[in-house]
Peer 1: 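Before I ask anything, here is the structure I am working with.
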Amino acid sequence: MERTQVAVIGAGPAGLLLGRMLELAGVDAVVLEHRSRAHVEGRIRAGMLEHRTARLLEELGLDERMRRKAAVHHGFEMRFDGKRHQIPMAELTGGCTAVMYSQQEIVTDAIAARIASGLPLEFDVDDVRLEGVDTGTPKVRYRTADGSERVLACDFIAGCDGFHGVSRGAVPDGVLTTYRHDYPFAWLGVLADVPPSTFELIYACHERGFALHSMRSSEVSRFYLQVAPDEDLAGWSDDRIWAELQLRLGTDDGWTLAEGTVTQKSITAMRSFVAEPMQYGRLFLAGDAAHIVPPTAAKGLNLAAADVRLLADALCTWYESGDRSALDAYSDDALRGVWRAQQFSRSMTALLHHDPASPMEWRLQHAELEHVCTSEAAMKDFCDNYVGLPPAGRVHRRA
């Protein structure tokens, strides 16, 4: 039997950022990941970091490549009825910006830092089982990539292994209350080798559906199109994708969309999910293991970072002083931010996506879009939610 202080299940952003914060505070942790290193470093995921998330990466010393490669946005565009509306986000929020730096880059940076520190990080583990989570001596049983059976004793377990991981399932029946909503549309995501046609994000509301123009680098663009939830990806040729993007993003002032080689296509279902409480005994859930948001407002990665900042603060406080009040309050504290993000994600999704079966809703959307884009008070409220809550929980460092 091996022993550590905190067993972290999952080497996505939540697990790796938690591991880094514990490392800086001198708290021992083992990070276990079911997938291979190549898989987790290659997963295409969210690319927009809230102001607080970018600052957290700086505090953790994981910002060197971000500062070189990321694009900093001080605002964004909304488009409807062929018109462009610039939203001065930083001006309205006291200087808060958004940083375009994709999840796989953060994961790559955090993995490299952990390996450089020589700290335990195991990939390709299988048959992970959490035991004794309601006792003072929890354990994690798992099988390593070479087939060896291991038992890891610990003080606490952090379940950061995503929606389909084992951690949430380790909570006994009847403890969790879950909430779920499936949206009546999905996103067709497109990655293309073409320089972005914009310096900042474009959110477009069109009678044929929502569209988003984003970017991954100065040479790679990312696009999304609203489609039906049962859409067949095979029906979307490159020519059809570009034609639809030109139509939905088009404006009356002659703006043009540059086209290039499509390198990836995928369809993502849109849903909201929350499990509460986010803790049971010595097990604490974070990130997608506890909640999923629709991608419209790009809150998923940012909520995961906010969760583990709170959790790391609570764990470090307990190890430093024996005070477990922050641990006991973790779920309530985290869920306040989760539900606010769920509410904003839902409202932003409703604002920008088109339901052709409801002409009444379409007219109401127009009224709301006009209000958001012309009222400074409404625009500021939107931007305050867009850039996220102020950070909660401090980053501890060993004396």
Side-chain angles (χ1 to χ4, degrees), residues 1-12 14-34 114 117-162 164-176 275-287 289-290 307-335 393 396 398:
M1 184 181 296
E2 300 175 357
R3 176 160 184 83
T4 190
Q5 291 174 302
V6 181
V8 180
I9 313 300
L16 290 166
L17 293 180
L18 176 59
R20 180 66 169 178
M21 284 183 274
L22 295 176
E23 172 192 347
L24 294 178
V27 176
D28 293 335
V30 173
V31 181
L32 304 175
E33 169 57 47
H34 174 60
R114 189 163 185 86
S117 298
L119 297 174
L121 169 58
E122 296 194 48
F123 295 99
D124 296 302
V125 304
D126 201 7
D127 194 23
V128 178
R129 288 162 287 159
L130 313 187
E131 299 178 353
V133 297
D134 58 346
T135 73
T137 56
K139 298 179 180 63
V140 180
R141 295 184 184 272
Y142 65 99
R143 185 166 58 248
T144 64
D146 65 5
S148 302
E149 300 287 343
R150 299 277 179 82
V151 180
L152 180 64
C154 54
D155 300 324
F156 301 99
I157 300 174
C160 305
D161 50 346
H164 298 290
V166 302
S167 295
R168 192 175 66 253
V171 179
D173 291 343
V175 173
L176 295 179
E276 57 181 24
M278 290 170 57
Q279 62 192 91
Y280 173 72
R282 295 291 184 107
L283 170 64
F284 297 84
L285 304 177
D307 286 350
V308 294
R309 183 175 181 127
L310 274 173
L311 181 55
D313 183 16
L315 289 167
C316 294
T317 298
W318 187 84
Y319 281 111
E320 289 168 2
S321 67
D323 179 2
R324 64 165 297 139
S325 58
L327 280 173
D328 293 337
Y330 165 71
S331 179
D332 289 342
D333 290 344
L335 283 167
H396 295 241
R398 63 164 61 91

Peer 1: Heavy atoms only: give me the nearest E33-A11 pair and the separation to one decimal.
Peer 2: OE1-N, 2.7 Å
Peer 1: Could you verify whether a donor N or O on one side chain and an acceptor N or O on the other, from S321 and D323, lie under 3.5 Å apart?
Peer 2: no
Peer 1: Taking the side chain as every heavy atom from C-beta outward, state whether P120 and V31 have any pair of such atoms under 4.5 Å apart.
Peer 2: no
Peer 1: Output the distance between atom CG (L24) and atom CZ (R398), rounded to the nearest 0.5 Å.
Peer 2: 7.5 Å
Peer 1: Are E131 and K139 within salt-bridge range, i.e. N to O under 4.0 Å?
Peer 2: no
Peer 1: Quick one: are M278 and Y330 in side-chain contact, heavy atoms under 4.5 Å?
Peer 2: yes
Peer 1: Has D146 got more than 12 heavy atoms of other residues, nucleotides or ligands less than 6.0 Å from its CG?
Peer 2: yes
Peer 1: Among pairs that include at least one residue of residues 277-287, which meet side chain to side chain donor-acceptor pair (under 3.5 Å), considering only residues two or more places apart or in two chains?
Peer 2: none
Peer 1: Looking only at non-hydrogen atoms, find the nearest pair between V151 and R141 and report the distance.
Peer 2: CG2-NH1, 3.1 Å
Peer 1: So, do V171 and L283 sit near enough that their side-chain heavy atoms are less than 4.5 Å apart?
Peer 2: yes
Peer 1: Using 0.5 Å steps for rounding, measure from the CG atom of L311 to the CG atom of L17.
Peer 2: 12.0 Å
Peer 1: Locate the shortest heavy-atom distance separating I157 from P138; write the atom from each residue and the value.
Peer 2: CD1-CB, 3.9 Å
Peer 1: Is the closest side-chain heavy-atom distance between C160 and L18 below 4.5 Å?
Peer 2: yes
Peer 1: Evaluate E122 against Y142 for side chain to side chain donor-acceptor pair (under 3.5 Å), listing each step before the verdict.
Peer 2: CA-CA 11 Å; E122 296 194 48; Y142 65 99; 2.9 Å; yes
Peer 1: Rounded at 0.5 Å granularity, tell me how far CH2 in W318 sits from SG in C316.
Peer 2: 12.0 Å
Peer 1: Side-chain contact test, heavy atoms from C-beta onward, threshold under 4.5 Å: evaluate it for S117 versus R20 and give yes or no.
Peer 2: yes
Peer 1: Within the 4.5 Å heavy-atom criterion, are R168 and L176 side-chain neighbours or not?
Peer 2: yes
Peer 1: Would you check, one step at a time, whether the test side chain to side chain contact (heavy atoms under 4.5 Å, CB included) holds for V6 with L315?
Peer 2: CA-CA 9 Å; V6 181; L315 289 167; 4.2 Å; yes
Peer 1: Look at the side chain of H34 and the backbone N and O of D126, then say whether any donor-acceptor pair between them is shorter than 3.5 Å.
Peer 2: no
Peer 1: Quick one, E23 and L119 - any side-chain contact, counting heavy atoms below 4.5 Å?
Peer 2: yes
Peer 1: Locate the shortest heavy-atom distance separating A286 from V308; write the atom from each residue and the value.
Peer 2: CB-CG1, 3.8 Å
Peer 1: List the steps and the verdict of side chain to side chain contact (heavy atoms under 4.5 Å, CB included) for L130 and I9.
Peer 2: CA-CA 10 Å; L130 313 187; I9 313 300; 4.2 Å; yes
Peer 1: Test your reading of the model: is there a side-chain donor-acceptor pair from R143 to the backbone of S148, 3.5 Å cut-off?
Peer 2: no
Peer 1: Would you mind reporting whether Q5 and Y319 have side-chain heavy atoms less than 4.5 Å apart?
Peer 2: yes
Peer 1: Between R3 and D155 (salt bridge meaning N to carboxylate O under 4.0 Å), is one present in this structure?
Peer 2: yes
Peer 1: Scan for salt bridge (charged side-chain N to carboxylate O under 4.0 Å, His left out) pairs involving residues 307-318, sequence neighbours excluded, and state none if there are none.
Peer 2: E59-R309
Peer 1: Looking only at heavy atoms, which two atoms of L22 and A29 are closest? And how far apart?
Peer 2: CD1-CB, 3.9 Å
Peer 1: Are R150 and E2 close enough, and set up right, to give a side chain to side chain contact (heavy atoms under 4.5 Å, CB included), and what steps lead you there?
Peer 2: CA-CA 8 Å; R150 299 277 179 82; E2 300 175 357; 3.7 Å; yes
Peer 1: Could you report the tightest heavy-atom contact between F123 and A145, atom names first, then the distance?
Peer 2: O-CB, 4.3 Å
Peer 1: With no hydrogens and no angle check, do the side chains of E276 and S331 hold a donor and an acceptor under 3.5 Å apart?
Peer 2: no
Peer 1: Determine, stepwise, if the pair S167 / D161 fulfils side chain to side chain donor-acceptor pair (under 3.5 Å).
Peer 2: CA-CA 7 Å; S167 295; D161 50 346; 2.9 Å; yes
